[in-house]
Each structure stands twice: as C-alpha cells, then as structure tokens.
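Notes follow the structure.
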Amino acid sequence: MRYNERELLCLARQPAEKAAEVLMRVPKKGSVLKKRLVKLVVNFLFYFRTDEAEPIGALLLEHCRITKEEENVFSISFIEEPERKYCFECDSEEQCQEWIEALKRASYEFMRRSLIFYRNEIQKMTGKDPLEQYGISEEARFQLGTRKQ
Amino acid sequence: MKLNERSVAHYATCDSPADHAGFLRQRVERHHHHAHHSTSYQRRWFVLKGNLLFYFEERDSREPMGLVVLEGCTVELCEAAEEFAFAIRFDDAGAKACVLVADGHAAMEAWVKALSRASFDYMRLVVRELEKQLEEACKSLAACRKSPRRSNSGRKRHLSNPALGPVQEKPAVLENGYCTWGSGGEPSGSPCPDRDGGYSKPPPLPPRRRSAGGSAAASPMPSLPLALQESPVSPETACFSKLHNWYGQEIAVLRREWLERQQRGNL
C-alpha cells in the first residue's frame with residue numbers, strides 16, 4: 001500500500017501531544033524490549049531510536065485497543081489481530097496511566113464520538129444546534145445517531 | 001519508515017462509515033529515461049475516513065492501493081488541463097501535490113469541502129469549542145435553577161423515578177471501552193480493555209444533571225457521595241472521559257437504588 005511517507009515524516013516533526021522515552025517491544029517473534037522515543041501526534045504514534053531524528057515507524061491509532069498489562073506496562077493492539085501486541089514499559093505506574101489515557105483519546109473516531117455527544121447535549125440544553133453557526137451541521141462526519149454510509 | 005499497514009488497510013475496508021466516497025481521477029506522473037515524463041489520469045475509487053484518504057483500484061477491491069494522510073494540507077481548486085480538478089497540497093514545500101479530478105462541479109465541491117475539514121486538528125478545534133459551549137450552557141442552566149422553589153422536590157422525583165432510560169438498561173461496556181458499569185460502579189481509573197469500534201452509537205444519554213454548575217450552591221442530597229455534587233463540566237474537566245465517568249458513577253448509584261426498590265417490591 002502506497003502512502004505519502006514524506007508527509008508522515010513531516011508530521012513526526014510536529015509538536016507532540018505527548019512524548020517520552022520508554023521501552024518498546026514489537027509483536028515479532030523473538031523481539032525484545034528496546035529503548036525508544038515515542039511521540040504522539042494527532043492519531044499517530046511515532047517511535048524513534050533515541051538518537052535519531054527520523055522515526056523507525058508509525059502506528060495509526062484507529063480501531064486499536066489500549067490494555068494495561070503488568071506493572072508500568074501497557075500494550076497497543078488492533079481490532080483485527082488482538083493477539084499481536086506492541087508493548088510499552090514506562091518509568092512509573094503514573095506515566096503508564098497517563099499514556100493509556102492519552103492514547104485512548106487519540107483516535108479520530110473517539111473525537112468524533114465526543115463531538116456528537118457534546119452536540120447532542122448542547123442541543124438538549126439550549127434547543128439549538130451548536131454547529132449551525134459554523135455552517136457544518138450537515139457534514140457527514142458530525143451526524144448524530146447511527147451514521148449511515 | 002514502517003507503518004502498521006495491515007491495520008490501516010483493515011480500517012480502510014471495514015464497515016465503519018466513510019465521511020465521503022466516490023470515483024475520482026488521480027493524476028499520475030511517469031518518469032521515463034532522459035527526464036521525459038508523461039501524465040495520465042487514473043480513475044480510482046476514493047474513500048475518506050477521518051484524516052485519511054484511501055484509494056482503491058476498483059470499488060470492490062479488497063485492499064487499498066494507497067493512502068494520503070491529510071494532516072497539515074490545504075485543498076484548492078487548480079488550473080490543470082482538466083475541468084473539475086482540485087489539488088491537495090502539503091506543508092512540505094518540496095512535496096508534490098496530489099491532483100484529483102471529479103466527475104462534475106457538484107462532486108468537486110463536495111470533495112473539496114469534505115477534504116478541507118478532514119484534519120484531526122480541525123476536529124479537535126470543534127470539539128474544544130463545543131466543550132466550552134456545553135460548559136457555558138450548564139452554567140446558565142444552573143443560574144436559572146437557583147430558585148429554591150424548584151430545588152428539592154424536583155430532584156427527589158428525579159431520583160425515585162425508575163423510568164429513567166439508562167437506569168433500566170443493563171450496564172454496558174461502552175463502545176469506546178472507557179468504563180464497564182458494574183453493579184457497584186467501578187472507579188474511573190480502573191483499567192479496561194479498549195474496544196474502539198469506531199462506528200458505534202453515541203453513548204447512552206444520561207439523566208438530566210441535577211446540579212449543574214461549578215458552585216456548591218445546590219443543597220446536598222444525603223444519598224449521593226460528595227464528589228457527585230460537583231459539576232463535571234468545569235475548567236479542570238478538559239476531557240470527555242472524565243465527563244463520561246462522572247455520568248457513569250451517578251448512573252451506577254441510581255441503578256443500585258432502583259434495584260433495591262425493586263427488591264422491596266416498590267415498583
């Protein structure tokens with residue numbers, strides 16, 4: 001599958017929502033925990049060797065599951081392959097929880113649901129659709145209820 | 001650079017609704033020897049999901065041919081040799097624009113609109129704006145409700161009314177997996193597996209807030225823990241997850257009371 005790698009690399013250089021040095025293990029046979037710099041930018045998690053400017057890789061965070069594993073450790077896996085886990089070991093339990101919270105909120109789909117929730121609540125409270133003033137109330141991506149294709 | 005391509009492809013082809021889809025012709029440049037190049041337009045099936053534009057060889061292809069990440073880009077009409085052409089341009093100055101051609105004027109307009117609002121940043125801006133508006137709405141609602149006449153009786157009726165929708169439902173694991181509403185109510189920090197379904201219904205609508213607003217002006221209800229008297233919507237509650245957990249706690253309390261009443265045969 002082709003993708004605009006150049007733009008992705010550019011994105012990796014943007015200010016991060018969250019960044020830290022952690023130990024990371026990829027779901028490959030025989031793989032071990034390695035020190036990595038991980039950086040959360042929009043709905044991508046980039047991971048770098050600690051002394052390099054370009055990321056080794058990126059994880060798109062849609063349809064993923066963030067799971068607390070043992071102490072200081074959490075994992076990311078994806079809906080279609082729940083057993084393949086990317087594991088991350090943090091310095092502390094606190095840091096671990098912070099990352100779990102941040103990653104759970106990092107998907108576009110999560111934000112969309114938040115938006116629909118707020119829109120609905122505001123509409124119930126005020127009787128007005130808050131998106132009308134922006135002229136985006138008809139946009140497919142903001143629709144209430146079950147979205148149809 | 002590696003990318004979790006299998007998962008990305010799965011996201012592209014799974015059931016979750018697309019924000020826009022349709023046939024477009026994509027400009028393809030081919031470079032031959034001696035710097036001679038040719039330009040052609042390939043008709044492909046395009047699917048927009050969030051900030052990702054996928055393209056497929058055919059409408060029923062099982063896997064995407066490619067992906068355009070739409071963060072930090074601008075979309076504009078462009079003067080190509082083709083009518084109804086538009087371009088996706090990237091921040092990176094050296095990068096080549098992605099030129100696409102629609103079938104007609106309406107299609108072109110629809111695509112340009114959809115693509116220019118596709119970024120995560122834009123979505124985040126709108127969410128934050130609505131968060132603020134909700135907070136404002138709660139505050140003005142609280143101000144309206146300060147009248148003592150309405151306070152206690154309204155709340156008591158509210159609490160004892162078993163007809164509240166969410167209370168009667170079995171507590172569910174929310175689609176975004178934040179909280180399993182167990183019978184005792186789980187602490188908001190408890191780790192739960194996250195199932196980000198992406199195409200789930202919105203969270204069940206919670207019962208009306210009784211004391212909305214940051215001040216402790218509302219008279220306390222003896223059966224509720226102190227924490228529940230504070231509004232979840234405050235400058236500190238920047239995030240949806242806290243709001244969500246807050247509602248969850250209250251619903252757990254209401255449900256427990258309702259179950260108790262059921263057992264006492266009060267229904």
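Below, chains carry the letters A, B, ... as their sequence lines are ordered, and counting in each starts from 1.
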Please classify the contact between B/S119 and chain A as side chain, backbone, both or neither, with a heavy-atom cut-off of under 4.5 Å.
backbone
Using the rule given for side chain to side chain contact (heavy atoms under 4.5 Å, CB included), can you reason through A/R2 versus B/L67, listing the C-alpha separation, both sets of side-chain angles and the distance that settles it, and then say yes or no?
CA-CA 6 Å; A/R2 296 176 220 159; B/L67 152 72; over 6 Å; no
Using non-hydrogen atoms and a 4.5 Å limit, figure out which bit of B/A12 sits close to chain A: side chain, backbone, both or neither.
neither
Who in residues 18-43 of chain A is close to chain B, using a strict under-4.5 Å heavy-atom cut-off?
A/V42, A/N43
List the steps, then state whether side chain to side chain contact (heavy atoms under 4.5 Å, CB included) holds for B/Q133 with A/R119.
CA-CA 9 Å; B/Q133 284 192 29; A/R119 183 186 186 188; over 6 Å; no
Can you say whether B/Y122 sits under 4.5 Å from chain A via the side chain, the backbone, both, or neither, judging by heavy atoms?
side chain
Under the salt bridge (Lys or Arg N to Asp or Glu O under 4.0 Å) criterion, do B/R124 and A/E17 qualify, and how do the steps go?
CA-CA 12 Å; B/R124 186 158 47 191; A/E17 177 81 21; 2.9 Å; yes
Using side-chain heavy atoms (C-beta onward) and a distance below 4.5 Å, is B/V69 in contact with A/L60?
no
Show the numbers, then the answer: is there a side chain to side chain contact (heavy atoms under 4.5 Å, CB included) between A/F78 and B/H10?
CA-CA 9 Å; A/F78 297 90; B/H10 183 264; over 6 Å; no
Which residues, numbered in order, of residues 1-9 of chain B come under 4.5 angstrom of chain A by heavy-atom distance?
B/M1, B/K2, B/L3, B/N4, B/E5, B/R6, B/S7, B/V8
Plane angle bin for B/Y11 and A/H63 - parallel if under 30°, tilted between 30 and 60°, otherwise perpendicular:
perpendicular
Can you confirm whether B/M123 sits close enough to A/F142 that some side-chain heavy atom of one is under 4.5 Å from a side-chain heavy atom of the other?
yes
Between A/Y118 and B/E135, do the side chains contain an N or O donor and an N or O acceptor separated by less than 3.5 Å?
no
Crowding at CD, A/E80 (>12 non-hydrogen neighbours, <6.0 Å):
yes
For A/E94, does the CD atom have more than 12 heavy-atom neighbours from other residues, nucleotides or ligands under 6.0 Å away?
no
If every non-hydrogen atom of B/G66 is compared with every non-hydrogen atom of A/M1, which pair is closest and at what distance?
CA-CG, 3.8 Å
Side chain proximity check, A/M125 to B/C138, heavy atoms < 4.5 angstrom
yes
Chain A interface, residue from B/R128, B/H20, B/E63, B/E71 that has the most non-hydrogen pairs under 4.5 Å
B/E71
Find the distance between CZ (A/R112) and OG (B/S16) and round it off to the nearest 0.5 Å.
8.0 Å
Report the option among B/L130, B/V127, B/V68 that has the most heavy-atom pairs separated by less than 4.5 Å from atoms of chain A.
B/L130
I'd like to verify something: which residue of A/C10, A/G57, A/A12, A/A58 has the highest number of heavy-atom pairs under 4.5 Å with chain B?
A/A58
Please assess A/R6 against B/F90 for the test side chain to side chain contact (heavy atoms under 4.5 Å, CB included), listing each intermediate value before the final yes or no.
CA-CA 10 Å; A/R6 202 161 169 169; B/F90 303 98; over 6 Å; no
